[in-house]
Amino acid sequence: MKKRNGQWIAAGGVTAVLTLSLFLGGCGVKEAIFSGGREQKEYGKAETMMIVTSERLRYEELYTSQIWTAAVDNRGTTFESSLLSQIHEFLKELKIMSLMAEENELTLSGQEQEAVRAAADAYLAALGGGGAEALGLEEKTAEEFYEDYRLANKLVDQLTAGADLEVSDSEARVITVEEIETSDAETASAALAAIQAEGGSFQAAAKEYSEKPLEEIRIYRGQRGTAYESAAFDLTAGGISGVVEENGKYYVILCVNDYDEAATQERKEWMVRQRKNETFYNAYQEFKTELLLTGDDALWEEIRISDSPQVSADFFAVYEEAFGSL
């Protein structure tokens with residue numbers, strides 16, 4: 001999940017995912033046992049196709065239609081199948097969040113309601129009459145779907161308003177290093193001695209001793225082992241560590257940049273979102289256990305992203321345009 005202009009949105013790119021599951025927990029929201037509350041229907045075909053066709057547009061612009069048959073695991077799961085499952089989860093979770101917003105008596109301001117109408121109009125205009133007919137989409141449905149998406153964003157803000165989300169530069173700091181990697185301490189020690197010898201250089205030692213090509217690597221806290229990070233983050237730019245052991249490998253580390261400002265800011269934003277996630281998750285999960293969503297299995301069996309109508313309307317881009325200044 002990528003966040004732009006203060007909103008959570010779907011992101012293009014093979015490593016990006018569409019689901020709110022990542023927004024809510026990092027690796028998917030665990031299914032809860034239904035304990036006997038309300039029953040609600042999932043979104044129908046029109047809303048589903050708004051997202052399906054938007055994702056087809058996004059991914060084919062980046063990777064062409066060949067992306068759909070690409071395997072994403074050793075079981076032969078295609079990218080199309082994987083993304084379709086993520087879209088389904090996204091829609092279920094958006095429905096739950098919209099119902100939570102209703103229970104919390106969240107409403108849109110007059111300005112937001114105008115933005116909803118503008119977004120629906122812009123989306124339908126981009127679709128064209130034939131496109132709207134192909135999706136089975138009416139103006140009222142488009143408006144209600146944009147309203148739900150806006151309310152979901154407001155819900156997250158409301159339920160996390162009192163949370164401590166502050167992240168310091170120190171916590172989020174990202175550095176850039178180069179490393180010599182060996183399988184035994186003796187070779188790593190020889191590499192370090194070569195660097196420290198008169199006329200020695202890290203690059204020359206890496207070429208002679210390292211088991212992998214030399215490259216710049218961005219490192220943040222929690223990414224590597226404790227010993228490695230302790231050594232790397234204690235270095236200033238140009239500094240070289242001693243021999244460091246991590247998971248059976250031995251390293252000599254060169255600090256290229258001891259504070260990557262842009263990467264640190266990006267990391268900080270990610271950490272804030274994660275803290276927000278944790279705060280929001282408990283309320284979301286409690287509400288979810290009291291709700292049973294029923295869907296149209298036949299609809300999901302017949303949907304194929306690659307066979308969906310080709311349109312130039314992007315649900316998320318239209319949303320950003322309409323709500324970007326609010």
Side-chain angles (χ1 to χ4, degrees), residues 1-11 18-20 23-24 38 40-55 57-58 87 90-129 131-133 135-163 165 269 272-273 276-277 279-281 283-284 286-288 291 293 311-326:
M1 185 61 53
K2 185 175 180 182
K3 190 170 184 178
R4 291 185 294 189
N5 296 335
Q7 311 296 334
W8 43 260
I9 63 170
L18 186 64
T19 65
L20 294 182
F23 177 79
L24 296 171
R38 292 178 295 166
Q40 294 283 342
K41 288 185 178 181
E42 296 179 16
Y43 288 112
K45 182 176 181 180
E47 297 95 333
T48 298
M49 296 308 295
M50 289 174 75
I51 303 303
V52 166
T53 55
S54 293
E55 291 307 287
L57 174 64
R58 285 166 166 256
I87 291 172
F90 167 82
L91 288 166
K92 287 190 289 187
E93 292 166 1
L94 178 57
K95 171 63 74 171
I96 292 170
M97 292 174 76
S98 70
L99 293 167
M100 284 183 70
E102 180 181 327
E103 184 170 276
N104 281 267
E105 299 183 345
L106 273 179
T107 58
L108 300 185
S109 67
Q111 190 176 12
E112 287 173 315
Q113 290 171 348
E114 289 179 9
V116 162
R117 289 190 289 270
D121 288 344
Y123 181 80
L124 288 166
L127 275 181
E133 184 177 351
L135 270 58
L137 181 64
E138 297 179 353
E139 183 175 4
K140 181 181 179 182
T141 303
E143 287 185 4
E144 290 175 347
F145 197 47
Y146 273 111
E147 181 176 0
D148 282 357
Y149 193 66
R150 180 60 176 180
L151 284 170
N153 279 288
K154 292 189 73 171
L155 176 72
V156 173
D157 289 339
Q158 182 191 71
L159 295 181
T160 60
L165 304 177
E269 291 172 359
V272 168
R273 288 197 299 273
K276 207 170 188 180
N277 297 348
T279 302
F280 181 79
Y281 178 80
Y284 172 90
E286 181 179 351
F287 185 86
K288 183 180 178 181
L291 185 69
L293 286 183
V311 301
S312 58
D314 182 333
F315 173 87
F316 301 101
V318 170
Y319 177 88
E320 287 189 87
E321 180 67 26
F323 286 90
S325 61
L326 297 183

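Since the model is a prediction, treat every value here as computed from it, not as a measurement. Reckoned from all heavy atoms, side chains included, excluding hydrogens, waters and symmetry mates.
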So which heavy atom on [X] is nearest to which on [Y], and how close?
X: Ala126; Y: Ser312; result: O-OG, 3.3 Å
X: Tyr43; Y: Leu94; result: OH-CG, 3.8 Å
X: Ala122; Y: Val318; result: CB-CG1, 4.0 Å
X: Leu165; Y: Thr160; result: CD1-O, 4.3 Å
X: Lys276; Y: Asp157; result: NZ-OD1, 2.8 Å
X: Lys41; Y: Lys95; result: O-CE, 3.4 Å

From CA spacing to verdict: side chain to side chain contact (heavy atoms under 4.5 Å, CB included), Ile51, Phe316: CA-CA 9 Å; Ile51 303 303; Phe316 301 101; 3.8 Å; yes
Close side-chain approach of [X] to [Y], heavy-atom, < 4.5 Å:
X: Glu42; Y: Thr48; answer: no
X: Tyr146; Y: Leu108; answer: no
X: Met97; Y: Phe280; answer: yes
X: Tyr123; Y: Leu137; answer: yes
X: Gln40; Y: Leu291; answer: yes
X: Phe323; Y: Val116; answer: yes
X: Phe145; Y: Leu91; answer: yes
X: Asn104; Y: Phe287; answer: no

Point-to-point distance, once rounded to the nearest 0.5 Å, from [atom1] of [X] to [atom2] of [Y]:
X: Leu106; Y: Arg150; atom1: CG; atom2: CZ; value: 11.0 Å
X: Glu112; Y: Leu151; atom1: CD; atom2: CG; value: 8.0 Å
X: Leu326; Y: Gln111; atom1: CG; atom2: CD; value: 4.5 Å
X: Leu99; Y: Leu155; atom1: CG; atom2: CG; value: 10.5 Å
X: Leu293; Y: Glu93; atom1: CG; atom2: CD; value: 10.0 Å
X: Glu144; Y: Ser98; atom1: CD; atom2: OG; value: 10.5 Å

Heavy atoms of other groups near Gln113 CD, more than 12 under 6.0 Å: yes
Polar side chain donor-acceptor pair, Glu138 to Thr141, under 3.5 angstrom: no
Side chain to side chain contact (heavy atoms under 4.5 Å, CB included) evaluation trace for Met100 with Leu159: CA-CA 10 Å; Met100 284 183 70; Leu159 295 181; 3.8 Å; yes
Residues Glu139, Asp121; criterion side chain to side chain contact (heavy atoms under 4.5 Å, CB included); working and verdict: CA-CA 7 Å; Glu139 183 175 4; Asp121 288 344; 3.0 Å; yes
Exam field: side chain Ser54 to backbone Phe315, donor-acceptor pair closer than 3.5 Å: yes
Side chain to side chain contact (heavy atoms under 4.5 Å, CB included) between Met49 and Val52, worked out: CA-CA 5 Å; Met49 296 308 295; Val52 166; 4.2 Å; yes
